[in-house]
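I have placed the structure first, in the form of structure tokens, so that the comments after it can refer back to it.
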There are 2 protein chains.
Amino acid sequence: MKTNQKSTRVKDAYTAIKVAIRSNQIPAGFQATEAEFATRLGMSRTPVREALIRLEAEGLVEMIQRRGARVLPIRTEDMREIYDILMTLEPEAAANLAVRNISQAQLEPLAQATTEMESALAQDEPEIWAEADDRFHMMLLDMSDNRRLRNFVRSLHDQAHRARMITLRLRSDLTQSTREHREIMRHIIDGEADAVRALYRQHRARSSSEILRILDTYRLVPL
Amino acid sequence: MKTNQKSTRVKDAYTAIKVAIRSNQIPAGFQATEAEFATRLGMSRTPVREALIRLEAEGLVEMIQRRGARVLPIRTEDMREIYDILMTLEPEAAANLAVRNISQAQLEPLAQATTEMESALAQDEPEIWAEADDRFHMMLLDMSDNRRLRNFVRSLHDQAHRARMITLRLRSDLTQSTREHREIMRHIIDGEADAVRALYRQHRARSSSEILRILDTYRLVPL
DNA sequence: GCATTTTATAATGCATTCATTATACATTTG
DNA sequence: CAAATGTATAATGAATGCATTATAAAATGC
């Protein structure tokens, strides 16, 4: 219990708003004054303001001159930006793992996540699949010893999250995507860095183009 | 004059502190309470606090529980992190330019910067060289149409800036580095994406290992 | 002397207050 | 009626005040 979690209003506000955005409880495009956010959260403007500043730095919110804060929508263009970066960074991070001689045991949490993805697919539970998928990528990233890389990629995932969830049930590549996780792990264990990089990149490229295609086709997530 | 620069205290504080950190007027490791920063800047704690929050998000400053804000030092480890990321992102961005069929004219500002680097070298003015070098990389990045990429790389450059300046006069690779800029530009114009990527990566790898070597050798920028 | 508790100090987290100013709306003018 | 001007309102930017609490210093007990 000594988790050192001295909850502060700023943190509460930050977390509450972030969760609400992720889950679409506060929809993209929603705009409100600082005072409104504050009232809603039952605190004064000050902590809310500071939380909003952080959320703005993370690209989830935009503060507009005299009209408060606006929950940023994710457009196709944004997703393209995000995936272009992920397609570069994540494969490289994974390839580095291959070089480091990772044991199968160390990858066990990843294998676990992948297993969950498989069973989620079997039971047609895409949300659970998505959660495990995210976990896979994040755990893999956490094994990288580059804190800046971790934080940045995490922030990109956060930004992309809503769009991913919206497109989830329209995707046809989930099975393929899951299978690739196994391949990537195998090549990491075998220390084949180039193969890991290529595979991971392909993995991201596929899901990226699938998601972008869906967004474009249905013109989803506009505002 | 309609530069739309409604200066606000938060912005003033942000800029002032950032500039002071970059230029080492406030040295790495310096720590002071919010109140001290506020006094020094001639304003109240509130705007300073908000500026510090932003600077913390950019990795230039760290806010510590009950002892104010501390200017983050850059350790060898940090530089390694930063350059590992740059070595991945920048070559990719440059390679994308090659694909886009850029004309020589469009690269003129880059050529200009490189010329300045050459003359700075001839006159043994490493600081001027460094400024032009930074400009080269930033302009190249600005040609990428990925705003998130731009901002992130810019923030990494900001973080690395002090360490770069400190090692500047000890580096022996400036001439080589400058020469590589010309090569990179040539390959961009020729549309040889792979060559651009490889060259740029090598370019970063070289300067990175040079800087890291110096930092390690002289144990610079410790605190 | 050394460890532990008490007290004092200082710094922050947050609420409140106030002045400034952007924006919308109403009014006037051509 | 359109454009311009004036005015009211609302929202923010910033200062201030205060309660809370971490840290250091002092005092106490062993």
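Proteins come first, then strands; the chains are lettered A, B, ... in the order of their sequence lines, and each starts at number 1.
The nearest whole Å value for the distance from the CZ atom in B/R67 to the P atom in C/dG13 is 13 Å. Spacing between atom NZ of B/K11 and atom P of D/dT12 amounts to 15 Å, rounded to whole angstrom units. Rounding to whole angstrom units, CD of residue B/Q65 and P of C/dG13 are separated by 9 Å. Spacing between atom CZ of B/F37 and atom P of C/dT12 amounts to 10 Å, rounded to whole angstrom units. What separates CZ of A/R45 from P of C/dA15 is a distance of 12 Å, to the nearest Å. For B/Y14 and D/dG13, the OH to P distance is 17 Å, given to the nearest whole Å. In this entry the distance linking CD of A/E36 with P of D/dA11 reads 7 Å, nearest Å.
No more than 12 heavy atoms of other residues, nucleotides or ligands sit less than 6.0 Å from atom CZ of B/R40. The environment of CZ in A/R135 is crowded: more than 12 heavy-atom neighbours from other residues, nucleotides or ligands sit within 6.0 Å.
Checked against D/dA15, C/dC14, C/dT12, the side chain of B/T46 finds its nearest nucleotide in D/dA15. In the set D/dA24, D/dA11, D/dA15, D/dA11 carries the atom at the smallest distance from any side-chain atom of A/T33. Here the side chain of A/S44 is nearest to one of C/dT21, C/dT16, D/dT21, namely C/dT16.
Residue B/E50 is classed as having no contact, given no heavy-atom separation below 4.0 Å to the nucleic acid. Heavy atoms of B/R9 sit under 4.0 angstrom from primed sugar atoms or phosphate atoms, though from no base atom.
The base of C/dG13 lies outside donor-acceptor range of the side chain of B/R49, with no N or O pair under 3.5 Å. The base of D/dA11 is paired with the side chain of A/R66 by a donor and an acceptor separated by under 3.5 Å.
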Determine, step by step, whether B/H181 and B/D133 satisfy the side-chain hydrogen bond (donor to acceptor under 3.5 Å, both in side chains) criterion, reporting the C-alpha distance in whole Å, the side-chain angles of both residues, the deciding distance to 0.1 Å, and the verdict.
CA-CA 9 Å; B/H181 282 203; B/D133 181 60; 3.2 Å; yes
